[in-house]
Participant: 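Dumping the structure here so I can ask a few things about it.
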Amino acid sequence: FPVTIAHSASETQLNNRKKEQTNYFMDSIIDYIKRSDELYVFGPASAKTELKKRIQTEKIIAPDKLKGVDTSDKLTINQIVAKVQDFYDQ
């Protein structure tokens with residue numbers, strides 16, 4: 001027997017709302033980074049790779065301005081500063 005998974009209307013609404021919120025968040029970031037000279041993106045979640053995809057597909061900034069995309073755990077401000085300094089000191 002085939003198994004059918006039904007999604008409730010509320011589950012669909014929740015997924016749509018999350019997608020809208022993510023798009024709004026990404027649009028806000030993209031508006032800000034359009035003015036950047038260089039960009040180094042890092043963080044713990046998959047949002048950084050989604051951002052990279054949008055930057056590349058929508059040609060938000062010149063390809064050579066995106067210097068790196070890395071995974072990292074949650075960081076303090078001092079750890080963020082150290083990570084960026086280490087990245088650019090390479």
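A quick note: this is a predicted structure, and the numbers were derived from the prediction, not measured.
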Participant: Using a 3.5 Å cut-off and no angle test, enumerate the donor-acceptor pairs between side-chain atoms of residues 29-39 and protein atoms at least two apart in sequence or in another chain.
Facilitator:
unit_1: S36; atom_1: OG; unit_2: I33; atom_2: O; d: 2.7
unit_1: E38; atom_1: OE1; unit_2: Y88; atom_2: OH; d: 3.4

Participant: Atom OG1 in T22, atom CZ in R17: separation rounded to 0.5 Å?
Facilitator: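 The distance works out to 12.5 Å.
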Participant: Test side chain to side chain contact (heavy atoms under 4.5 Å, CB included) on R54 and N23 and set out the steps.
Facilitator: CA-CA 10 Å; R54 281 195 57 185; N23 285 336; 4.2 Å; yes
Participant: Distance check, rounded to the nearest 0.5 Å: E58 atom CD versus M26 atom CE?
Facilitator: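 CE of M26 is found 10.5 Å from CD of E58.
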Participant: Side-chain donor-acceptor contacts of residues 41-52 below 3.5 Å, not counting sequence neighbours, with atom names and distances?
Facilitator:
unit_1: K48; atom_1: NZ; unit_2: G43; atom_2: O; d: 3.1
unit_1: K48; atom_1: NZ; unit_2: A45; atom_2: O; d: 2.5
unit_1: T49; atom_1: OG1; unit_2: S46; atom_2: O; d: 2.7
unit_1: E50; atom_1: OE2; unit_2: K53; atom_2: NZ; d: 3.4

Participant: Among residues at least two apart in sequence or on other chains, which ones pass ring pair (Phe, Tyr, Trp, His ring centres under 6.0 Å) with F87?
Facilitator: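 For F87 the ring pair (Phe, Tyr, Trp, His ring centres under 6.0 Å) partners, ignoring immediate neighbours, are Y40.
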